[in-house]
J.: 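This structure is in structure tokens; I'll ask about it shortly.
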Amino acid sequence: MLENYLPVLIFMAVGIVVGLAMIVLGFVLSPHRPDNEKLSPYECGFEAFEDARMKFDVRYYLVAILFIIFDLEIAFLFPWAVVLDKLGVVGLVAMTLFLGILVIGFIYEWKKGALEWE
Amino acid sequence: MGFFVDLWNALPQDLQTVIWILVRIVIIVAPLMLLVAYYTYAERKIIGYMQVRIGPNRVGPRGWLQPIADAVKLMFKEIVIPTGANKFLFLMAPMLSIAPALAAWAVFPFGPEMVLANVNAGLLYILALTSMGVYGVIIAGWASNSKYAFLGAMRSAAQIVSYEIAMGFALVGVLVAAGSLNLVEIVEAQEGGIFHWFWLPLLPLFVIYFISGVAETNRAPFDVAEGESEIVAGFHVDYSGMTFAVFFLAEYANMILISALTALMFMGGWLSPFHGWPLLGPLFDWVPGFIWLVLKTFVFMFLFLWFRATFPRFRYDQIMRLGWKVFIPITIVWILVVGLAVVYRLPWWFD
């Protein structure tokens, strides 16, 4: 059972190694002649006048929070979906109720304008 | 020859297993890399012809060596790390995007027996790894310390997480229909001809999954994250040489992954479209399943390019509206519809 997951683990390591190897290769093969202008952050030819880590729109934050709720919901649906065949109507009704509660929250956020981007 | 056999037998059992797994990983990754290289070539050629140009035709006959030349060029380009950047994160970001794009193939079945790790939580693993990609993007944008990169990363992250919800719900629909997380069993649940596959009962989910896939990979028409005309290149504006190439590879590997998964979950994977048909069925019996899978994958890969050549870029508010206000409600409703069909054993698919 668990040895089935060994290739998965090795594959992840290979993925990281491939990325690392390519970047190291790039460093080894490419020239390295830095100067002040070249190393300045790109801003269409202007000098960057302030730190780029500035304030940003709160709606991005809102989207992230909403995402957590819905993603948890998906994680919760996964085991249910696998055994729905055996749960039958009871399982379906239970999940309909659960999704219904989520949808009420969804309608609320929609009406509150959390999904507007104008 | 005999020497190598002796050497192999002298190795400890565990090491033999690991080497054998590594060999099989290389058998998956090497053709994948080649496919990525020629996908970029195909993209330039196909979009070229769609715009009545001929595309690359200088390096090698008909431009066939173009991707090789591109790779060599990128390898010898200087890697610039901007002064304001956070060095460690700056270099970690490309690795964080390529590793999941490759590792997701670990559980991908290329045929009923051709799978590296036939794990029962295959789909869960895929969902987890495709979600990892967003970290590469947001870390790259943050570490660059450039305004364009930062804006691109913010947009991209919000877009990716929004579409991931629709994508996740579409996967749940597939799960309900197949009753298993194992990718081999998901294909086997679609046993039969083209009208038995899940694209028909799950039609809305199929369309939503693929469109979300296009949005997840930040491809046109959802490419506001790198909109050339507004924020130059978005999150990877400050990357050069191989660091850029790794992002590029990851994006194309992800496109291939999305295409292959769509073929697997909605288009019957390696099953023949004429399976069980009176006349055409036996006629196409000799075609190996792998060929069918590859053909189906290529169709979706072509769609990615076709979209890019045809559609103008969406506005950001339109993207968010499509994701949250159209896709999520449709998927939630359709999960319940599929649930009903499964519980009451709708004939043809779920009996």
Side-chain angles (χ1 to χ4, degrees), chain A residues 4-8 10-12 14-16 18-20 22-23 25-27 29-34 38-44 48 51-54 56-57 59-60 63-64 66-67 70-71 74 77-78 81-85 88-89 91-92 95-96 99 102-103 106 110 115-118, chain B residues 18 21-22 25 29 75-80 82-84 91 94-95 98-100 102-103 105-107 116-119 124-125 144-148 150 154 158 161-162 164-165 168-169 172 175-176 179-181 232 237-238 241-243 245-246 316-317 320 324-325 332 336 339-340 342-343:
Chain A
N4 268 343
Y5 287 87
L6 181 66
V8 175
I10 296 179
F11 213 133
M12 283 186 197
V14 168
I16 293 169
V18 166
L20 193 68
M22 283 201 287
I23 290 171
L25 200 69
F27 268 112
L29 291 177
S30 65
H32 190 64
R33 294 183 208 95
K38 199 192 270 177
L39 294 188
S40 61
Y42 175 73
E43 227 177 290
C44 292
D51 198 63
R53 285 150 194 178
M54 50 196 173
F56 57 86
D57 201 326
R59 281 177 297 196
Y60 290 112
V63 166
L66 292 177
F67 164 72
F70 277 92
D71 214 37
I74 291 165
L77 278 171
F78 260 59
V82 176
V83 290
L84 178 65
D85 212 15
V89 184
L92 192 66
M95 193 44 86
T96 311
L99 277 176
L102 183 86
V103 166
F106 187 59
W110 189 323
L115 305 175
E116 304 299 328
W117 280 83
E118 264 79 54
Chain B
V18 170
I21 290 171
L22 280 175
I25 289 175
V29 170
M75 214 174 277
F76 288 97
K77 285 266 183 187
E78 178 168 358
I79 296 175
V80 178
T83 31
L91 293 175
M95 273 175 262
I98 188 96
L102 294 180
W105 290 91
V107 296
L116 180 67
N118 192 4
V119 297
L124 194 61
Y125 175 74
S144 298
N145 202 355
S146 151
K147 288 193 187 70
Y148 293 110
F150 185 66
M154 293 308 289
V161 297
S162 302
E164 202 170 295
I165 298 167
F169 275 130
V172 171
L175 271 184
V176 173
S180 171
L181 279 162
V232 224
V237 65
D238 270 321
M242 271 326 252
T243 49
V246 172
Y316 198 67
D317 62 303
M320 294 312 257
W324 286 95
K325 295 186 177 176
I332 290 179
L336 294 178
L340 264 178
V342 167
V343 168

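Throughout, protein chains are lettered first and strands after them, A, B, ... in sequence-line order, and every chain is numbered starting at 1.
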J.: Please classify the contact of B:Phe76 with chain A as side chain, backbone, both or neither, using a heavy-atom distance under 4.5 Å.
T.: both
J.: Between B:Gly168, B:Gly241, B:Ser180, which has the largest tally of heavy atom pairs under 4.5 Å with chain A?
T.: B:Gly168
J.: What are the two closest non-hydrogen atoms of B:Ile79 and A:Gly26, and how far apart are they?
T.: CD1-C, 3.7 Å
J.: Quick check on A:Leu99 against chain B: is it the side chain, the backbone, both or neither that has a heavy atom closer than 4.5 Å?
T.: side chain
J.: Can you confirm whether B:Asn118 sits close enough to A:Asn4 that some side-chain heavy atom of one is under 4.5 Å from a side-chain heavy atom of the other?
T.: no
J.: Picking from B:Ile25, B:Ile332, B:Val18, B:Val176, which has the most non-hydrogen pairs under 4.5 angstrom with chain A?
T.: B:Ile25
J.: Identify which of B:Glu164, B:Met154, B:Lys325 forms the greatest number of heavy-atom pairs closer than 4.5 Å to chain A.
T.: B:Lys325
J.: If you count heavy-atom pairs under 4.5 Å between each of A:Ala64, A:Gly88, A:Ser30 and chain B, which one has the most?
T.: A:Ser30
J.: Flag the one option from A:Ile10, A:Val8, A:Ile74, A:Leu102 with the top tally of heavy-atom pairs under 4.5 Å to chain B.
T.: A:Ile74
J.: Less than 4.5 Å apart, side chain to side chain, heavy atoms only: is that true for B:Phe169 and A:Leu77?
T.: yes
J.: Between A:Pro31, A:Gly19, A:Gly91, which shows the greatest number of heavy-atom pairs under 4.5 Å with chain B?
T.: A:Pro31
J.: Can you tell me how far the CG atom of A:Leu92 sits from the CG atom of B:Leu340, to the nearest 0.5 Å?
T.: 5.0 Å
J.: With a 4.5 angstrom heavy-atom cut-off, is it the side chain or the backbone of A:Val103 that approaches chain B, or both, or neither?
T.: side chain
J.: Holding to side chain to side chain contact (heavy atoms under 4.5 Å, CB included), I want the full list of residues that pass it with A:Ile23, two or more places apart in sequence or in another chain.
T.: A:Phe27, B:Leu91, B:Pro94, B:Met95, B:Thr243, B:Val246
J.: Under 4.5 Å between any side-chain heavy atoms of A:Phe11 and B:Val29, yes or no?
T.: yes
J.: Which atom names give the shortest non-hydrogen contact between A:Arg33 and B:Glu78, and what distance separates them?
T.: N-OE2, 3.1 Å
J.: Tell me, for B:Val172 versus chain A, whether the close heavy atoms (under 4.5 Å) come from the side chain, the backbone, both or neither.
T.: both
J.: Any non-hydrogen side-chain atom of A:Met12 less than 4.5 Å from a side-chain atom of B:Leu102?
T.: no
J.: Against chain B, label A:Val18 side chain, backbone, both or neither, depending on which of its atoms sit under 4.5 Å from a heavy atom there.
T.: side chain
J.: Let's test your reading of the structure: which of B:Val107, B:Ile98, B:Leu116 forms the most heavy-atom pairs below 4.5 Å with chain A?
T.: B:Leu116
J.: Please report whether the ring centroid of A:Phe67 lies less than 6.0 Å from that of B:Trp324.
T.: no
J.: Any side-chain heavy-atom pair from B:Leu175 and A:Val82 closer than 4.5 angstrom?
T.: yes
